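Each remark here refers to the structure printed beneath this line.
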Amino acid sequence: MNDEDPREYRWETGYEKTWEAIKEDDEGFLEASVADIILRAKRRRQTQKQGNTKLGMMRHLYLILDCSESMSSQDLKPTRMICTLKILEGFIEEFFDQNPISQMGIILLQNKRADKACDLGGNFRKHIKHLKTLMKTNLVGEPSLQNGLEQALSSLKLLPSHASREILIIMGSLTTCDPTDISSTIEKLKQEGIRCSIIGLAAEVHVCRTLASETKGTYNVILDDSHLKDLLYQQVEPSPAAAALESSLIKMGFPHQMNTEGTDEPLTMCMCHIDSVDEGSKLTAGGYYCPQCLSKYCELPVECRACGLTLVSAPHLARSYHHLFPASNYKEVPFANQVSICYACQKLFGDEDKSIYQCPTCKRMFCIDCDIFIHDTLHTCPGCATNLATFQLTHN
């Protein structure tokens, strides 16, 4: 805490700096200038990422959501709760798309209690379906941050040492009603190496700052709904692995999908829907069969409920590959009319482009939008990929 710049707490300083950067366009609007500030902030975060860093690829994340009375506030439209749930739906889908071999659970804080809504699992549809049921939930009482942390800790501490264990808290309340001293819970989380990150919807709270600082997580307070979405999506990429994280071999199964429609194979129910009576629990003849115990599942990835084997497909591991070997950070160079168009989107560079971005490997030039898209979504430099394809064709 002593290392922080005290000027960051003076709202006047940040206000003056903001208005120095914002300029009106030809029509008198500020949206273009604000969007440019956001893009450059994203790029600054991108340049801070370092390659060749050990990452926690198999992530186990508990999402702790404040469902107290404070979430009924209308500073986010239509309410904090509804706005947060809508953004969380996209976040969960993106999280599992970028981390297909990871698992997530959901814990709700309400009326001084912590209730586990979803256990750790890799089925994002199940999590999103449960979030939709929370749209009409009653928001009452105060949250208990300590009870939520203890609930997550009781599950995460049982996981093997090679797993990356994380907690993400979305807190709308400025108070927490805890049964005992929360400092003891923070110390347990620190000893277990569980990283806790908090997103505040109201204002900075000292106990949240302490929790994030002690567990090497992040703590941010949102400005608006767009900022909330940006902060949430920053949690999609795996964080650097903790020093205590051990390396070990993980046994996995790669089942092939067996479609036996039209044969004499009997209709059976998959293990993922055997306990439910929803529309998905129907008898089918095809599915994914565990190579170890032959239990059937309708989708991957999943942990076999019979033998405990982690079942994945090869594309799931391939999608995790780009986290280990990210595209090189582009170098910002001043624009001097030496290049007329962006190599990726073919956009014409103009006088408004003060800087362009160059790949250190292929030396191609890109605009700031393509730079962010390549590093956040594509994860492959188009110039390097084109050079590689040309080289292969030449030698074939």
Side-chain angles (χ1 to χ4, degrees), residues 21 25 31-57 59 90-91 93-102 226 229-241 313-396:
D25 58 15
E31 286 85 350
S33 185
V34 173
D36 183 65
I37 293 174
I38 294 174
L39 280 177
R40 296 188 180 280
K42 288 183 178 180
R43 193 181 185 282
R44 279 197 301 271
R45 289 197 302 269
Q46 175 61 44
T47 56
Q48 293 171 359
K49 298 176 184 176
Q50 300 295 329
N52 301 323
T53 302
K54 183 179 179 182
L55 301 176
M57 300 297 297
R59 304 172 66 185
F91 164 73
E93 188 171 352
E94 181 70 13
F95 176 86
F96 283 106
D97 181 69
Q98 298 293 324
N99 305 273
I101 59 175
S102 298
S226 299
K229 182 177 180 180
D230 184 45
L231 292 175
L232 267 175
Y233 277 64
Q234 288 179 31
Q235 302 293 328
V236 169
E237 186 167 346
S239 303
S313 65
H316 290 145
L317 292 181
R319 272 195 312 221
S320 302
Y321 180 81
H322 66 77
H323 291 306
L324 295 176
F325 302 96
S328 302
N329 288 330
Y330 291 170
K331 183 172 66 172
E332 184 174 358
V333 296
F335 176 59
N337 294 320
Q338 73 273 27
V339 179
S340 58
I341 61 173
C342 169
Y343 182 76
C345 66
Q346 303 296 298
K347 164 194 167 184
L348 290 172
F349 292 131
D351 295 335
E352 70 278 2
D353 297 295
K354 299 291 189 299
S355 300
I356 55 179
Y357 304 91
Q358 183 180 43
C359 174
T361 304
C362 65
K363 307 302 181 183
R364 307 284 188 181
M365 298 295 183
F366 301 89
C367 63
I368 186 172
D369 298 292
C370 290
D371 178 16
I372 294 174
F373 175 75
I374 289 167
H375 289 91
D376 287 354
T377 305
L378 194 60
H379 305 294
T380 301
C381 175
C384 297
T386 303
N387 290 348
L388 179 60
T390 303
F391 175 81
Q392 291 176 340
L393 287 173
T394 303
H395 286 73
N396 285 337

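Nothing here was measured: the structure is a model prediction, and the numbers come from that model.
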Measure the [atom1]-[atom2] distance between [X] and [Y] for me, rounded to the nearest 0.5 Å.
X: Cys362; Y: Tyr343; atom1: SG; atom2: OH; answer: 7.5 Å
X: Cys381; Y: His375; atom1: SG; atom2: NE2; answer: 7.5 Å
X: Ile372; Y: Leu378; atom1: CD1; atom2: CG; answer: 14.0 Å
X: Met365; Y: Lys331; atom1: CE; atom2: NZ; answer: 8.0 Å
X: His379; Y: Glu237; atom1: NE2; atom2: CD; answer: 7.5 Å
X: Glu332; Y: Asp371; atom1: CD; atom2: CG; answer: 9.0 Å

Could you work out, with side-chain contact (heavy atoms from CB on, under 4.5 Å) as the rule, every residue matching Ser328, not counting sequence neighbours?
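For Ser328, the residues satisfying side-chain contact (heavy atoms from CB on, under 4.5 Å) (neighbours in sequence not counted) are Pro360, Thr361.
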
Can you tell me if NZ on Lys229 sees more than 12 non-hydrogen neighbours from other groups inside 6.0 Å?
no

Determine yes or no for a side-chain-to-main-chain donor-acceptor pair under 3.5 angstrom, with [X] supplying the side chain and [Y] the backbone.
X: Arg59; Y: Val236; value: yes
X: Asp97; Y: Glu93; value: no
X: Tyr233; Y: Gly90; value: yes

Heavy-atom closest pair, residues [X] and [Y]:
X: Cys342; Y: Cys367; value: SG-N, 3.4 Å
X: Gln358; Y: Val333; value: OE1-CG1, 4.3 Å
X: Leu348; Y: Ile341; value: CD2-CG2, 3.3 Å

Please work out which of the three classes, parallel, tilted or perpendicular, describes the rings of Phe366 and Tyr330, given edges at 30° and 60°.
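Taking Phe366 first and then Tyr330, their aromatic rings lie parallel (interplane angle under 30°).
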
Taking only residues two or more places apart in sequence, or in another chain, which ones meet Phe96 in a ring-ring contact (aromatic ring centres under 6.0 Å, His included)?
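Expected list: His127.
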
